[in-house]
Amino acid sequence: MYDVGHTYSMATKSAPKPESLADVQRWLQQQTANLWPAALGSLSFRRSPCIRPNCPACLSGDKHASYVLYGRQQGRRFSLYVPEELVPQVQHWLDNGHALQELLYQAASRNLQALKRERDQALKKAED
């Protein structure tokens, strides 16, 4: 008897309203409102030798630590030195960029579903 009640309550739940392209646009704007500044790329910690002869750090094998932002622009890879005190801020930008990228993937699917629905509705009206 418990299962019947559960099945009944499941059947009475309404399905989510189909989204229009405008609905998806509003959703995406709401979701991205706090994702600025944003950047794509990767932040790497590296240790590399310098060009100074007889550098104590390089001679000891410690080398020089630095952070580098890697990315692509116009199909070419670039790298930029990031001062250590700016690393948390740059990492925040990258986190926002990855979240924004994920939202864009979701938006693509939702937009396509809405576009197909609008096409089907237009075809149905044309048939009537």
Side-chain angles (χ1 to χ4, degrees):
M1 184 152 184
Y2 179 76
D3 288 336
V4 173
H6 179 70
T7 304
Y8 177 75
S9 68
M10 293 292 290
T12 60
K13 288 186 179 179
S14 60
K17 181 184 171 223
E19 290 181 303
S20 68
L21 289 171
D23 293 335
V24 178
Q25 181 181 7
R26 279 190 295 277
W27 166 80
L28 186 59
Q29 287 172 337
Q30 290 170 351
Q31 295 295 310
T32 60
N34 295 321
L35 292 178
W36 190 256
L40 287 179
S42 62
L43 187 63
S44 295
F45 178 75
R46 69 177 183 186
R47 291 189 175 276
S48 57
C50 68
I51 60 170
R52 295 179 297 164
N54 301 319
C55 169
C58 295
L59 290 174
S60 71
D62 288 339
K63 300 182 183 176
H64 298 274
S66 64
Y67 288 89
V68 180
L69 173 66
Y70 293 101
R72 292 198 170 271
Q73 190 170 22
Q74 297 176 351
R76 299 188 66 148
R77 187 173 170 162
F78 69 85
S79 60
L80 297 169
Y81 166 74
V82 179
E84 191 167 353
E85 65 271 11
L86 299 181
V87 166
Q89 189 174 0
V90 172
Q91 186 59 58
H92 179 69
W93 297 352
L94 295 170
D95 293 343
N96 283 349
H98 292 133
L100 184 57
Q101 188 176 31
E102 182 58 37
L103 287 169
L104 288 171
Y105 285 129
Q106 291 176 31
S109 173
R110 292 169 84 159
N111 274 324
L112 184 57
Q113 288 174 358
L115 191 60
K116 286 179 179 180
R117 193 173 305 104
E118 288 180 7
R119 178 203 58 191
D120 293 345
Q121 289 172 349
L123 289 174
K124 189 174 182 180
K125 276 187 178 181
E127 290 174 359
D128 291 343

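The residues of the chain are indexed from 1 along the displayed sequence.
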> Considering all heavy atoms of both residues, which atom of Ala38 and which atom of Leu100 are nearest to each other, and what is their separation?
Replying inline: CB-CD2, 4.3 Å
> Can you tell me how far the CD1 atom of Ile51 sits from the SG atom of Cys58, to the nearest 0.5 Å?
Replying inline: 10.5 Å
>> Would a single hydrophobic cluster contain both Leu43 and Leu86, if residues Ile, Leu, Val, Met, Phe, Trp and Tyr are joined by side-chain heavy-atom contacts under 4.5 Å?
In response: yes
> What pairs of residues pass the ring pair (Phe, Tyr, Trp, His ring centres under 6.0 Å) test when at least one of them lies in residues 72-121, not counting sequence neighbours?
Replying inline: none
>> Rounded at 0.5 Å granularity, tell me how far CD in Glu118 sits from CG in Asn111.
In response: 9.5 Å
> Between Arg52 and Cys55, which heavy-atom pair has the shortest distance, and what is it?
Replying inline: NH2-SG, 3.3 Å
> Ion pair present between Asp23 and Arg26, side-chain N to carboxylate O less than 4.0 angstrom?
Replying inline: yes
> Under 6.0 Å from the CD atom of Glu85, do we count more than 12 heavy atoms belonging to anything else shown?
Replying inline: yes
> Under a single-linkage definition using a 4.5 Å side-chain heavy-atom cutoff for Ile, Leu, Val, Met, Phe, Trp and Tyr, are Tyr70 and Leu40 assigned to the same hydrophobic cluster?
Replying inline: no
> Applying the 4.5 Å side-chain criterion to the ILVMFWY set and letting contacts propagate, would Leu103 and Val24 be lumped into a single cluster?
Replying inline: yes
> At their closest point, which heavy atom of His64 faces which heavy atom of Cys50, and how far apart are they?
Replying inline: NE2-SG, 3.4 Å
> In Å, rounded to the nearest 0.5 Å, how long is the span from CG of Leu112 to CZ of Arg110?
Replying inline: 13.0 Å
> Can any side-chain N or O of Asp62 pair as donor or acceptor with the backbone N or O of Ala57 at less than 3.5 Å?
Replying inline: no
Pairs under 3.5 angstrom only: tabulate donor-acceptor contacts from the side chains of residues 27-35 to other protein residues two or more places apart or in another chain.
{"residue": "Thr32", "atom": "OG1", "partner": "Leu28", "partner atom": "O", "Å": "2.9"}
{"residue": "Thr32", "atom": "OG1", "partner": "Gln29", "partner atom": "O", "Å": "3.4"}

> Got a second to check how far Asn96's CG is from Gln91's CD, nearest 0.5 Å?
Replying inline: 10.5 Å
> Is atom CZ of Arg119 surrounded by more than 12 heavy atoms (other residues, nucleotides or ligands) closer than 6.0 Å?
Replying inline: yes
> Between Glu19 and Arg117, which heavy-atom pair has the shortest distance, and what is it?
Replying inline: O-NH1, 2.6 Å
> Among all residues two or more places apart in sequence or in another chain, which pass the ring pair (Phe, Tyr, Trp, His ring centres under 6.0 Å) test with Phe45?
Replying inline: Tyr67
